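A quick note: this is a predicted structure, and the numbers were derived from the prediction, not measured. Counting starts at 1 for both ligands and their atoms, following the listed order.
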Amino acid sequence: MLKDILHIENQTIPLQLFSNSNCSLVIKREDTLHPDISGNKYRKLKYNLIEAKLLNKNTLLTFGGAFSNHIAAVAAAGKEFGFKTIGVIRGEELIDKIDGNPTLSFAKSCGMQFHFISREAYRNKTNKIFIETLKNTFGDFHLVPEGGTNSLAVKGCEEILTDKDVAFDYICSAVGTGGTLAGLVTSSKLHQTVLGFSALKGTFQSSEVDKYTTKTNYKIIDDYCFGGYAKIDAQLVRFINDFKEKTGIPLDPVYTGKMLFGIFDLINKGVLKDNSRILAIHTGGLQGITGMNQLLKKKNLPQIIY
Ligand SMILES: *Cc1c(COP(=O)(O)O)cnc(C)c1O
């Protein structure tokens with residue numbers, strides 16, 4: 001059912017358009033992997049869907065917020081690979097706002113059924129008793145955790161790097177839960193440094209990475225999270241738009257935009273040494289831009305072009 005991914009393009013960025021460093025920068029276009037199951041979310045779901053089929057489960061249940069790339073990806077994967085999908089969504093107030101929310105209305109169009117719960121109840125998302133009550137309500141399902149991270153997800157993310165990528169000194173990725181980074185670290189070579197750019201305050205995801213690998217050739221930084229998860233300002237929007245104009249590559253504001261902003265800053269400060277060969281993973285997430293542009297409009301900030 002899930003086809004093996006044959007070829008993901010590595011695209012070279014003409015770095016002289018942005019900096020006078022002589023590093024080289026290449027973007028792995030995981031965002032082009034599937035039109036609706038974005039980048040790393042496809043990697044993370046692959047072995048989970050194979051497992052669900054093996055266990056004869058016909059329903060997937062997962063958790064997420066109103067703009068979640070993971071919710072959109074699970075809904076699209078369910079439609080494509082023949083699963084019913086249930087999204088447990090943080091925020092009861094969203095129940096009558098589905099049509100105005102691009103992520104939720106997309107998920108709905110894929111057939112996802114929603115269960116809206118309060119922020120307080122949402123904190124129980126890993127609690128066994130809470131999961132049992134969900135089973136009583138919805139029947140049996142295959143549970144995919146929030147953000148999709150588990151050992152099968154990490155196994156899928158190990159397939160992002162290929163043999164050709166051994167030539168790079170740095171491998172960069174945005175970090176949410178840390179599952180994608182764990183896969184990259186696992187399949188990296190010890191002469192490579194894997195740099196994780198946290199999309200939220202803190203670098204606590206290293207404890208998640210360490211659950212899946214004993215390798216330590218990685219570092220997580222939160223210097224480029226712009227104040228926190230999904231926080232964004234005019235400087236970041238301008239950066240994303242400038243990058244799109246010069247390279248043709250669209251970036252999302254929650255993950256990949258912040259990562260690339262950080263990579264350029266580290267290059268310009270000389271933290272990434274001269275002649276470094278840098279590979280940045282474009283993990284996708286572009287579905288979130290429409291929702292973010294609605295928020296930017298309300299705040300009178302510039303729109304993201306994509
Ligand atoms: C979910 C997501 C991430 C974070 O992945 P984790 O495995 O949770 O760290 C990074 N980039 C994009 C575009 C995402 O949607």
Taking atom CD1 as the centre, does I129 end up with more than 12 heavy-atom neighbours from other residues, nucleotides or ligands that are less than 6.0 angstrom away?
no
Can you list, by chain and residue number, the hydrophobic cluster partners of L143 when the side-chain cut-off is 4.5 Å?
L61, F63, I86, V88, I117, Y122, F130, I131, L134, F138, F141
N-O pairing of R277 and D169 below 4.0 Å
yes
Worked verdict on F261 versus F243 for ring-ring contact (aromatic ring centres under 6.0 Å, His included)
CA-CA 9 Å; F261 186 97; F243 190 82; over 10 Å; no
Ligand 1: which protein N/O atoms lie under 3.5 Å from its N/O atoms?
from, atom 1, to, atom 2, distance (Å)
ligand 1, 5 (O), N40, ND2, 3.0
ligand 1, 5 (O), T180, OG1, 3.4
ligand 1, 7 (O), K44, NZ, 2.5
ligand 1, 7 (O), G179, N, 3.4
ligand 1, 7 (O), T180, N, 2.9
ligand 1, 7 (O), T180, OG1, 2.7
ligand 1, 8 (O), K44, NZ, 3.2
ligand 1, 8 (O), T177, N, 2.8
ligand 1, 8 (O), T177, OG1, 2.6
ligand 1, 9 (O), G176, N, 2.7
ligand 1, 9 (O), T177, N, 3.1
ligand 1, 9 (O), G178, N, 2.9
ligand 1, 11 (N), T283, OG1, 2.7
ligand 1, 15 (O), K41, NZ, 2.7
ligand 1, 15 (O), N69, ND2, 2.7

Mind jotting down which residue pairs meet the side chain to side chain donor-acceptor pair (under 3.5 Å) criterion with at least one end in residues 95-109? Sequence neighbours excluded, please.
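Only T103-Q287 qualify under side chain to side chain donor-acceptor pair (under 3.5 Å).
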Can you run down the side chain to side chain donor-acceptor pair (under 3.5 Å) pairs that involve residues 135-144, sequence neighbours left out, and say none if there aren't any?
K57-D140
